[in-house]
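Keep in mind that what you see is a predicted model, and the values were worked out from it rather than measured. Note that the numbering runs from 1 along the sequence shown for the chain.
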Amino acid sequence: MFRVESKNKPAGDQPKAISALVSGIKKNLRNQILLGVTGSGKTFTAAHVIAEINKPALVIAHNKTLAAQLANEFRELFPNNAVHYFVSYYDYYQPEAYMPMSDTYIAKEAMINDEIDKLRHAATTALLTRRDVIVVASVSCIYGLGAPEVYAQNIFHFKEGDKIDRASFARKLIELHFTRTSADLKRGSFRLRGDQWEIMPPDRELIYFVKTHDGVIEKIFEVDPVAGFQPGKTPLIPELIISPAKHFITQKDDRQRAVAAIRKELSAQLVKFEKEKKYLEAERLERRTKADIAMINEIGYCNGIENYSRHLSGRAAGAPPDTLLDYFPKTKDGKPDFLTVIDESHVTVPQIQGMHAGDASRKKTLIEYGFRLPSAADNRPLKFDEFLKRVSNIVYTSATPGPYERQVTSNTRTGQVVEQIIRPTGLVDPKITMRPVLGQIDDLIERIVERVGKKERVLVTTLTKKMAEDLSEYLANLKLKTKNLKPKVAYLHSDVKTLDRIRILTALRRGDFDVLVGVNLLREGLDLPEVSLVAILDADKEGFLRSETSLIQTIGRAARNVAGEVVIYADRITGSIERAVRETDRRRKLQMEYNKKHGITPKTIIKAVKDILPEYDEKGKLAEDVLRFEMKPMPKSKTAIEKLIKEKELEMKEAAKQLDFELAAILRDEMRVLIKKSKGRGL
């Protein structure tokens, strides 16, 4: 049973939107748009919809960071339900590829994030063992995953009093890709010491301590790996559920059948290459495939085993792969029985639509040149029509819905658009001022000085990275007549590393910077209540950065401050500008009328600055030795360094547990610097 826990109640347009969306789902409307303006609480509305329909939910976001933010919000709103996070577990991923023009083969190279892998297992296990589950995922949810039926069949479940044979128990864990060890336990490993068995599951950072006697389970303890077993304090649990250590599980019979099918396909492809006189390709394919077959026969696994997923699962050629969507529950007649919410749909839907084509092009080249069997093409993301068959009711949330969402909701028998224009805070969309391009910098400087004098922040969008950097330098070096009002400026664009972006945005909110200049600031999803002015330079240069969608999204950056204003610098009114201004004025008019009718006085959103970065000192100022350990005294003894590294590791794991991956990455980098420096000193 889903239940929202919050001190806030639905307000503004939220009650109306919740009622309309729930009613639409009950009428089995296939597609609904929640057209919510910036700051209107779309996530809060979606949470109440999930609670009212009381079904599992899949929430899809277009990047990992946004997905983590949403997962945290849903966790706060549903503290007693299972909210999970499912994204690609690669910190770095270079797919296998071949470039015929230069005869260059690029091997698959990947760095797996152990914490995210743990969260993926937690998500799939929850979906197969309970109903009150919300999974917040990136578009990786449409990529191949092990078959849910096989995964479910291999979930290990036992309890106190069960009879269990030690050898059979060890053999079963190894079949589930657990590793036996006599050293420290890691996720997906186990240790047997007489009648005392210790297991660390793949989805949790803890140790299950199983005490047996004469083949009967006496007690099961849940042990903190840091504190260790504490007699009288370590909690007992009545039963234990352990999921497989990998999502791709292969049974012995399945492997034998798959190997036979792989050999048959290999023979057919070798004959084809021989007829085409592609002797190099034939030799290459035979050597690689036979090596993989040997590994599968011996240990049931090989690098790149996902390329044989069609044979291992017994799927027909061309059949879609199993994905996270297949782990969600179905009705008795086999239809999807969960709600899908696509966040920022104007970005996420095109991502889902485009994934298959890019993957297919790369695989085609690998197959043509003998690096992979033709069946490797079936290890792929879902096509868009396949994705639609695997979901039921969809709610698209966006302030600027894309063409696809507009199209599928145009038929009122199958879809509807639900507007959420009125914010619970009473804030209205910003006032828009039009100014000519000629003299735009001088006009901008006057406005910046005015805002800085009020201790407010300014966002400025340019057309190029070079313009952003040059304008930042120009503004930072201004010699103004007004004393003590020299603006502090930073720039932000795609070349700025992710962690540096977070530092800059946090510094802007704190007041370490007054002005932030960027190319396409809307992409960063900036929700900055301190920003009262957004300036759009060269707005009449039609294109992606100055499209209707981009303009509306950029205008929304000033919608969280009661003094919000947007200045559009343009010499001509383009179609995009006209539509963006018209839509903003329409929303602003509705909001002001609502406030007047209900006697609401808008107030700037008060939002605490989250201390996600350790480089801020106690006064909240940006420390000058950010991640520069050479400026900090190093501990002198090896023991002190090891203790500090251990502390950092614990902090990193805690941050990852809270889905605060930005902080976790920083702490990981700090650990690496400490380890490197300690080795350099010979400690």
Side-chain angles (χ1 to χ4, degrees), residues 8 10-21 32-49 61-62 66 69-70 73 341-348 395-402 405-406 409 416-432 459 521-534 536 547-566 568 576-598 600-605 607:
N8 298 317
D13 269 352
Q14 289 173 345
K16 183 177 67 175
I18 293 166
S19 176
L21 291 169
Q32 298 186 88
I33 294 175
L34 174 57
L35 199 164
V37 298
T38 301
S40 63
K42 295 187 285 293
T43 303
F44 191 69
T45 296
H48 279 274
V49 171
H62 61 85
L66 179 57
Q69 291 172 358
L70 287 169
E73 288 183 47
V341 178
I342 302 183
D343 194 65
E344 300 293 354
S345 61
H346 62 284
V347 179
T348 310
V395 175
Y396 305 91
T397 71
S398 176
T400 53
E405 303 94 288
R406 292 288 192 185
T409 55
Q416 68 172 338
V417 178
V418 177
E419 288 194 334
Q420 190 166 286
I421 305 299
I422 310 301
R423 298 179 176 88
T425 57
L427 283 170
V428 301
D429 276 28
K431 179 179 68 175
I432 296 177
L459 297 184
L521 290 173
L522 69 94
R523 290 196 320 182
E524 315 303 332
L526 308 183
D527 290 327
L528 310 170
E530 296 80 8
V531 171
S532 65
L533 175 66
V534 172
I536 305 174
S547 66
E548 177 188 353
T549 297
S550 292
L551 289 172
I552 291 176
Q553 290 280 348
T554 305
I555 289 167
R557 299 310 108 199
R560 291 176 177 260
N561 192 295
V562 71
E565 181 182 2
V566 176
I568 295 178
S576 294
I577 292 175
E578 182 183 1
R579 290 188 295 273
V581 171
R582 185 170 63 241
E583 176 62 14
T584 302
D585 287 345
R586 180 185 77 87
R587 297 175 180 180
R588 183 177 168 86
K589 182 180 178 182
L590 290 172
Q591 293 156 355
M592 293 177 74
E593 288 175 352
Y594 181 90
N595 288 348
K596 184 177 180 180
K597 181 179 178 181
H598 294 85
I600 296 173
T601 302
K603 293 181 180 180
T604 298
I605 293 174
K607 182 180 177 184

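- Taken to the nearest 0.5 Å, the OH atom of Y594 stands 7.0 Å off from the CD1 atom of I422.
- Between the CD1 atom in I568 and the CD1 atom in I536 there is a gap of 5.0 Å [rounded to 0.5 Å].
- The two residues V37 and K42 have their closest heavy-atom pair at O-NZ, 3.5 Å.
- To the nearest 0.5 Å, atom CD1 of residue I577 and atom OG of residue S547 are 11.0 Å apart.
- For D429 and Q591, the side-chain atoms include at least one donor-acceptor pair closer than 3.5 Å.
- Heavy-atom minimum distance, R423 versus A559: NH2-CB, 3.2 Å.
- The structure places CD1 of I421 at 7.5 Å from OG of S40, a figure rounded to the nearest 0.5 Å.
- One distance of note links NZ of K596 with OG1 of T601; it measures 13.5 Å at 0.5 Å rounding.
- We find the CG-CE distance between D585 and M592 to be 10.5 Å, quoted to the nearest 0.5 Å.
- For the side chain to side chain contact (heavy atoms under 4.5 Å, CB included) with T397, the qualifying choice from T348, T43, D343 is D343, the only one to do so.
- The nearest pair of heavy atoms linking I555 to I432 is CD1-CD1, 3.8 Å.
- Looking only at side-chain heavy atoms (C-beta outward), R560 and E530 stay at 4.5 Å or farther from each other.
- A salt bridge links E583 with R586; the closest basic N to acidic carboxylate O contact falls under 4.0 Å.
- Nearest heavy-atom pair, E419 versus K16, reported as atom, atom and distance to 0.1 Å: O-CE, 4.5 Å.
- By the 4.5 Å heavy-atom criterion applied to side chains, Q14 and P424 are counted as neighbours.
- Residues E548 and T400 have side chains not in contact (no heavy-atom distance under 4.5 Å, counting atoms from C-beta outward).
- Closest approach of V566 to A558, counting heavy atoms only: CG2-CB, 4.0 Å.
- Residues passing the side-chain contact (heavy atoms from CB on, under 4.5 Å) test with E578, sequence neighbours excluded: I573, R582.
- Side chain of Q416 to backbone of A20: a donor-acceptor contact under 3.5 angstrom is found.
- Contact check for R587 versus L35: side-chain heavy atoms found under the 4.5 Å cut-off.
- Closest approach of S345 and E405 over heavy atoms only: OG-OE2, 2.6 Å.
- Side chain to side chain, H346 and Q553 meet the donor-acceptor criterion of an N or O pair below 3.5 Å.
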What verdict does the side-chain contact (heavy atoms from CB on, under 4.5 Å) test give for L459 and L528, after you've listed the backbone C-alpha separation in whole Å, the side-chain angles of each residue and the deciding distance to 0.1 Å?
CA-CA 10 Å; L459 297 184; L528 310 170; 4.3 Å; yes
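- In this structure, the side-chain contact (heavy atoms from CB on, under 4.5 Å) partners of A17, at least two apart in sequence or on a different chain, are L34, T45, V418, Q420.
- V562 is listed as a side-chain neighbour of L427, based on a closest heavy-atom distance under 4.5 Å.
- Looking at heavy atoms from C-beta onward, P529 lies out of side-chain contact with N561 at the 4.5 angstrom threshold.
- Taking N8 as the reference, S6, F44 meet the side-chain contact (heavy atoms from CB on, under 4.5 Å) condition, with sequence neighbours excluded.
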